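Computed from a prediction, not measured in an experiment: that's the story for all the values here. Numbers restart at 1 for each chain; the letters A, B, ... are given by sequence-line order, proteins then strands.
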Amino acid sequence: MPAVLYRIDERLIHGQVVMGWGPQLAVKHYVVVDDELALSLWEQDLYRLGLPETVSAEFLNVEDARARLSDFEDDDRKTMVLTRTISAMRGLAESDGLRGRSVNLGGLYHEAGRTERAPYVFLGQSEEKDLLSLAAEGVEVFARDLPGSRRIDLKDLLA
Amino acid sequence: MSDVELTKGILLSHGGLAEGMVDAVRKIAGLEDGVLVAMSNDGQNPQGLADKVDVLAGSQPVVVFTDLGSGSCALTAQLTCRNHGSRAVVFGMNLPMLLEFVFHRGLPLTQLVPRLLEKGKDGVKAAGPG
């Protein structure tokens, strides 16, 4: 079963994901792709605290996750793949890894050098270029923080 | 008479809950500036919020109160308090707990935190149905 959602969200596993998207898409397994978090067992445990008992999570670095993309697609469990950064998602998309897939921008917050594009999406210039590169690699990019909120396609987000 | 180092309270919540709770404490018990500080996770990622909490906390004893036991506020609180002997996190804050904090924040954290938990739990009651 193909992964139900690829999402970029700096908060990773949090309320909007677990209580918003999770039930809507019947997600049973979260794959968190982050090079730093893959090395931090105590932080992984903190993120797991937010999960219902019937739902699992694993934490991988970008290289390992890219190698296992077909596993996520073939998994019987409905799986959501999360990254904290656009660059990590681009890492997964290398060599056509995500061609034909959609990537959801769910939360990139205010920082110096970023411009507000939506209340929950702030982007710097290099990040905007990365998103355009993702789209050029055949990935459909859109912003939506919660399932019921308005979807914003990339071209409108960057307009 | 020795100086007692008073603990500061930092409230982390989704939306405006923290601000509302500080306002409620102020109306009930009065509040000096800086005793309870409200912060929202609106528009923040956990690390950015943790950095702000760190600056606010400084070197004095701190209890970080959060609305939930998991999620971005709880994660932030744990990021800032880990390996800090003078910081504690209390999850699931409510008004009875915060009032207890205001009146007993001169206690050492080892005594204060159990009191907060007890008051917080005791504050949850029901009447009815029937």
| task | Identify which of B/G71, B/S70, B/C73 forms the greatest number of heavy-atom pairs closer than 4.5 Å to chain A. | result |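 Most heavy-atom pairs within the cutoff with chain A belong to B/S70.
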
| query | Which answer fits A/E116, side chain, backbone, both or neither, if we ask what part of it has an atom under 4.5 Å from a heavy atom of chain B? | reply | neither

| said: Does anything in residues 75-108 of chain B reach chain A? List residues with heavy atoms under 4.5 Å apart, or say none. | reply: B/L75, B/Q78, B/L79, B/R82

| said: Whether the A/D9 and A/H14 side chains hold a donor-acceptor pair (N or O, under 3.5 Å, no angle test) is what I'd like checked. | reply: yes

| task | Assess the side chains of A/T85 and A/T83: does a donor N or O sit below 3.5 Å from an acceptor N or O? | result | no

| task | Check salt bridge (charged side-chain N to carboxylate O under 4.0 Å, His left out) between A/E43 and all other residues, then give those that pass, not counting sequence neighbours. | result |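 A/E43 satisfies salt bridge (charged side-chain N to carboxylate O under 4.0 Å, His left out) with no residue once adjacent residues are dropped.
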
| chain A contact via B/N41 - which portion, at a heavy-atom distance below 4.5 Å |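 Both backbone and side chain.
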
| said: Strictly below 4.0 Å, N to O, side chains only: are B/D23 and B/R26 in salt-bridge contact? | reply: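 Yes.
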
| query | Do NZ/NE/NH1/NH2 and the carboxylate oxygens of A/R151 and A/D153 come within less than 4.0 Å? | reply |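 Yes, charged N to carboxylate O under 4.0 Å.
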
| field | Side chain proximity check, A/L123 to A/L158, heavy atoms < 4.5 angstrom | value | yes

| request: Run through B/L49, B/D51, B/L12 and flag the one making a side-chain contact (heavy atoms from CB on, under 4.5 Å) with B/Q44. | output: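 Result for side-chain contact (heavy atoms from CB on, under 4.5 Å) with B/Q44: B/L49.
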
| task | Mind ranking A/Q16, A/E10, A/R11 by heavy-atom pairs under 4.5 Å with chain B and telling me who comes out on top? | result |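 Between A/Q16, A/E10, A/R11, the count favours A/R11.
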
| Looking at A/I13, A/L46, A/L12, which has the largest count of heavy-atom pairs under 4.5 Å with chain B? |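 Greatest number of close heavy-atom pairs with chain B: A/L46.
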
| query | According to the interplanar angle, ranging from 0 to 90°, do the rings of A/F122 and A/H110 count as parallel (below 30°), tilted (30 to 60°) or perpendicular (above 60°)? | reply |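 Because their plane-to-plane angle is over 60°, the rings of A/F122 and A/H110 count as perpendicular.
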
